[in-house]
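A note on names: the letters A, B, ... follow the listed sequences, proteins ahead of strands, and every chain is numbered from 1.
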There are 2 protein chains.
Amino acid sequence: MWSNHINYYLSMRTHELVLGWIEKQLSDGHLVLGGRLPAERALAEQLEVSRTSVREAIRILEAMGLVRAGVGSGKDAGTVVIAEPAMALGAALRLHVATQHLPVADIVETRVLLESWAVSRAKADAPEFGEAARLLDEMDASSAVDDFLALDVAFHLALAEAAGNAVVSTIMGSLREAIEGYAAALTANLPDWESTARRLRSEHRAILEAVNDGDGGRAATLVAAHIEGYYREAGLGQAPAEARP
Amino acid sequence: MWSNHINYYLSMRTHELVLGWIEKQLSDGHLVLGGRLPAERALAEQLEVSRTSVREAIRILEAMGLVRAGVGSGKDAGTVVIAEPAMALGAALRLHVATQHLPVADIVETRVLLESWAVSRAKADAPEFGEAARLLDEMDASSAVDDFLALDVAFHLALAEAAGNAVVSTIMGSLREAIEGYAAALTANLPDWESTARRLRSEHRAILEAVNDGDGGRAATLVAAHIEGYYREAGLGQAPAEARP
DNA sequence: GGACTTGTGTGGTTAGACCACACTCTATGC
DNA sequence: GCATAGAGTGTGGTCTAACCACACAAGTCC
């Protein structure tokens, strides 16, 4: 059509141009959470680029957890703006772990740091702790391993969210997701799941108790020991120091 | 060609299939850092998909900081595996900040947490501190604002890396990048840059001194005050609590 | 021997076509 | 009158085939 009038001298690839346009729409508030992007064909025509380039830009936004593409028409159709950074960051971290650039031990350590900070900083009357208590009751009633683990994820996420810092809870969620595959595979190898589950339950209760006492420091210590103990038992986070660059 | 024999029932999009193949190559060690992916056309033929789908997968990997695509032939040509999660995560965070889903204040708070943890945990004889000291000497000699800020970035990155946790330093880098645009714009508005620079210099020296004394706790306190003070002066991180969801 | 031309392989971009899907409208039959 | 089957419409998903810009390598001319 116009074959590189614009982006040739800027040495900017076409899909980056599209990306820039969309980012501007977001910054300016013309695109808001839950809103829909123009249809791919319409956007391509409007920006005078090919649909391919528009699609590449959308793939990138999708990978970042900023939009979700849905086929068909009506409710879930079209490309809509969402806000799910945790899943996106988690996938990215997972891939970097696969390249052995990010040691699993460092991820576990970071998780301990963030989660213990969250409980030590949160106020005891934060609503998330009520939710956390409810989840513990549910865990007492569930015997299946999968159910237990799903509730465990929700419990720890609730703790992370109690501090009221969206960035910390987002990163927590993505760290967890990045190593979930490793942890789940090893859970099956635990010597005695029942006794482990019993220990985890009591440790969870102790953490919440410390929080309710207003003793953030104790809560942080308990959380750190809880997480480190679990991964140690599962055989994770033992990467030798010489494996690092 | 074969129009959805495979991924129809798996409800998996074609580019995700490509993504999965590449991730497996990474996990299995068939693709290593610095290695090159097969050419797009070759990969498309090998996986029996269109080049379009291969390209969408590569765009995603590029957005995650896992590969870099280069045209031409020879040295920098082809799609090579890299490991630059910081830039990629930074871009993602920046976009989420644009949607106002991640408050700038939370990013600053997280940065304070990670960086103060890093200096408190690092050993005083970590080589990164030597590099940090060298950077400070360079800062003393530089008067231009841009040079000063670039060295400042390098200094703080060196502090973050001193703890030896790749995940923490990566996240630190991306947090910094996500708000760099905001901070840079406000720097020009500082009442008196010269006096600010003088203060920053002395605070930097004090931090390194605490580290050298082996007093990680004091270093952490100083780092926290240093960062918070800077952003407060620049007018960032003041988001009111009611702005949060 | 040096400067030029050609060849080759890479990613970058485009146009146009078709598919699967989910909804909406409209005729059809009772 | 109303319920249902069918056509219509708009969405993203995929594919093909072609061309461009680039960077290097090898041959070619002077």
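Closest to the side chain of S53(A), from the set dT14(C), dT16(D), dG13(D), is dT14(C). Among dT14(C), dT14(D), dG13(D), the nucleotide with an atom closest to any side-chain atom of T14(A) is dT14(C).
Among the protein residues, R59(B) comes within range of the sugar-phosphate backbone only, with heavy atoms under 4.0 Å from sugar or phosphate atoms but none that close to a base. Across all strands, A39(A) comes closer than 4.0 Å only to sugar-phosphate atoms, never to a base (heavy-atom distances).
K75(A) places its NZ atom 15 Å from the C1' atom of dT11(D), with the value rounded to the nearest Å. Between the CD1 atom of I58(B) and the C1' atom of dG12(C) there is a distance of 12 Å, given to the nearest Å. Across the protein-nucleic acid pair, H15(B) atom NE2 and dC15(D) atom P stand 12 Å apart, rounded to whole Å. Here dC15(D) presents its P atom at 14 Å from CD of E45(B), a figure rounded to the nearest Å. The distance between atom CZ of R55(B) and atom P of dT13(C), rounded to the nearest whole Å, is 7 Å. Whole-Å rounding puts the E62(B) CD to dG12(C) C1' distance at 11 Å. The interatomic distance linking E40(B) (CD) with dG11(C) (P) rounds to 5 Å, in whole Å. The distance between atom CZ of R13(A) and atom P of dT13(C), rounded to the nearest whole Å, is 7 Å.
No hydrogens or angles were tested; on distance alone, a donor-acceptor pair under 3.5 Å links the side chain of R51(A) to the base of dG13(D).
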| said: If you apply the rule side chain to side chain contact (heavy atoms under 4.5 Å, CB included), what do you find for L37(B) with V80(B), and how did you get there? | reply: CA-CA 6 Å; L37(B) 262 68; V80(B) 338; over 6 Å; no
| query | Are E115(A) and M172(A) close enough, and set up right, to give a side chain to side chain contact (heavy atoms under 4.5 Å, CB included), and what steps lead you there? | reply | CA-CA 7 Å; E115(A) 197 162 331; M172(A) 268 290 309; 3.0 Å; yes
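Here the side chains of R134(A) and M139(A) are not in contact, with every heavy-atom distance at 4.5 Å or above. E128(A) has its side chain out of reach of L159(A): every pair of non-hydrogen atoms, C-beta onward, lies at least 4.5 Å apart.
Under the 3.5 Å distance criterion, the side-chain polar atoms of H30(B) are left unmatched by any main-chain donor or acceptor of L26(B).
A residue-by-residue look at G72(A) and S73(B) shows that G72(A) has its nearest nucleotide of DNA chain D further toward the 5' end. Take the nearest nucleotide of DNA chain C for R41(A) and for V71(A): the residue whose nucleotide is more 5' is R41(A). The residue among S50(A) and A69(B) whose nearest nucleotide of DNA chain C lies closer to the 5′ end is A69(B).
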